[in-house]
2 protein chains.
Amino acid sequence: MKIGIVQTHPVFGDIDRNLKKITDLISSQSADLYVLPELCTTGYQFKDRKEALALAESIPEGPSTKKILELAQDTQAFLIAGLAERNGEKVYNSAITVGPDGFIGCYRKAHLFGAEKNCFSPGDTPFPVFDLGSTRVGVMICFDWRFPESMRSLALDGADIVAHPSNLVLPDCPQSMITRCLENGVFAITADRVGAEERIPGQTMKFIGQSQIVDPYGKVLARASQDKEEIIIVEIDPQKARNKAINSNNNLFEDRRVDLYRRG
Amino acid sequence: MKIGIVQTHPVFGDIDRNLKKITDLISSQSADLYVLPELCTTGYQFKDRKEALALAESIPEGPSTKKILELAQDTQAFLIAGLAERNGEKVYNSAITVGPDGFIGCYRKAHLFGAEKNCFSPGDTPFPVFDLGSTRVGVMICFDWRFPESMRSLALDGADIVAHPSNLVLPDCPQSMITRCLENGVFAITADRVGAEERIPGQTMKFIGQSQIVDPYGKVLARASQDKEEIIIVEIDPQKARNKAINSNNNLFEDRRVDLYRRG
């Protein structure tokens, strides 16, 4: 199975341009599954909820989802992409999962970061795991990584691969995703963006790139640059994530001591 | 508050020699809290449960605990040390916490690694947090790190510092403890050993050293060598671990979405 990270540099508010760029990047490649960044069609730094509402779209009815569905059909690939989702008067920081046969599902970011809390409503969907036939893919978005329960929930629900659309500004995530894979025995695909936004004077958001793919043993299979748009495709065997044994005596899931853990 | 990691090279089975070495190392120093390695008096690689039973001692009645209690009194310091604990016909891979005023508590390792399962019984104590007056210290042992719920349980129960006696053979722990601190906002003191044991022919256990102290923001305050006995002492303000805010909008504990996490 070939999986790809698509690292882009969205232009804020120019949805058509950003979708065309994604289409151009992916159309020249061949993979079974692509992960795109968080908010990859709109850009990141909304000034307020009103502005987010104006750029957000319904899912799956909106034009961005339709365009990404077309791309999935044209390329016969699964795509996971971060979008601003409008639902009535609410806006969510969401990610859609689509495939050659149509729309599969939507996840709304559970842990909002920084000023996102001024623009988005917190997610109300469970961390989802989608059965894509040859593999099961879980979805979380960016800052969800900081809370180990996010990826743990996905792994316990059977994810082989965790797709992780991101707009990273803090430096810690790429390294910490190695720990997330080591503790859960899954693949992780973090698709980050590059570039900077300063739509609120004095509040520059500089994105760190470094999109990456990590295997269930904590090996970094690919890591992108800090500043360039790029696609990296890696061939993996997702079935490797189903074996949670780390030696003949230890198993990441069977060894868990739920009897001793604090729920909190 | 001054906290110390004590990185030693125990001689298998020579409890008197190992205790003397610990005493010599600590007596020349001045700190408020020292963390010693896992199984620091006996060595690590027991051939079987019978051998472990022969070297294990009651806690707190046994001579090793008594000696460590004396050391705590002499130095007016708190000590956390890994010991093989005998309880009837059972042996646990345990860690004692003692202070100038006496015995405080014992933790029995929850997640046994590799062939430890042939020698020890799995822990039946919750992950403990001890109030030492100026700070609250949680205890976990070595392989417990691999399961995020271990340190999460300690942090949720109020630990400012996680003491982590270890005998590390895999390379991943030092880096992953940075993630553990980032996700929980606590200090971590991993006290590892150095040297190698090959008491079972063909099964060499090479210990990686690299004992370390990490702060609640993921900064490595100290990291020891891979191969030398040493003490490193660092001054910290444990109160910093009580503030779980990471910016004006995010808090490591308040942002948790327990409503969405899978218990598993």
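Below, chain A is the first sequence line, B the second, and so on; all start at residue 1.
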| field | Closest approach of A:Leu252 to B:Phe147 (non-hydrogen atoms, all atoms of both residues) | value | O-CE2, 3.3 Å

| said: Within the structure provided, determine whether A:Thr179 and B:Arg180 are in side-chain contact (heavy-atom separation under 4.5 Å). | reply: yes

| request: Return yes when atom CD of A:Gln226 has more than 12 non-hydrogen atoms of other residues, nucleotides or ligands closer than 6.0 Å, and no otherwise. | output: no

| said: Counting C-beta onward and ignoring hydrogens, is there a side-chain heavy-atom pair between B:Arg146 and A:Leu182 closer than 4.5 Å? | reply: yes

| query | Is the shortest heavy-atom distance from the side chain of B:Asp255 to the side chain of A:Lys117 under 4.5 Å? | reply | yes

| said: Could you report the tightest heavy-atom contact between A:Leu260 and B:Gly123, atom names first, then the distance? | reply: CD1-O, 4.0 Å

| Do B:Arg262 and A:Glu149 meet the salt-bridge criterion of a basic N to acidic O distance under 4.0 Å? | no

| field | Side chain / backbone / both / neither for B:Asp157 at chain A, heavy atoms under 4.5 Å | value | both

| task | Inspect the surroundings of NZ in B:Lys206 and state if more than 12 heavy atoms from other residues, nucleotides or ligands are less than 6.0 Å away. | result | yes

| Derivation of the side-chain contact (heavy atoms from CB on, under 4.5 Å) call for B:Asn249 and A:Phe113 | CA-CA 7 Å; B:Asn249 281 304; A:Phe113 179 72; over 6 Å; no

| request: Output, in order, the C-alpha distance, side-chain angles, deciding distance and verdict of salt bridge (charged side-chain N to carboxylate O under 4.0 Å, His left out) for B:Asp124 and A:Arg257. | output: CA-CA 10 Å; B:Asp124 53 4; A:Arg257 294 295 305 273; over 6 Å; no

| said: Between A:Asp259 and chain B, with a heavy-atom cut-off of 4.5 Å, which part of the residue counts as in contact: side chain, backbone, both or neither? | reply: neither

| Which atoms of B:Ser248 approach chain A - backbone, side chain, both or neither, heavy atom under 4.5 Å | neither

| request: Would you indicate whether the side-chain heavy atoms of A:Phe143 and B:Asn250 approach each other to under 4.5 Å? | output: yes

| message | Quick check on the interface: out of A:Asn118, A:Ile178, A:Ile246, A:Leu170, who has the most heavy-atom pairs with chain B under 4.5 Å? | response | A:Ile246

| task | Search all heavy atoms of A:Tyr261 against all heavy atoms of B:Ser150 and return the closest pair with its distance. | result | CE2-N, 4.4 Å

| task | Using a cut-off of under 4.5 Å on heavy-atom pairs, state which of A:Pro126, A:Ser153, A:Pro122, A:Gly218 scores highest against chain B. | result | A:Ser153

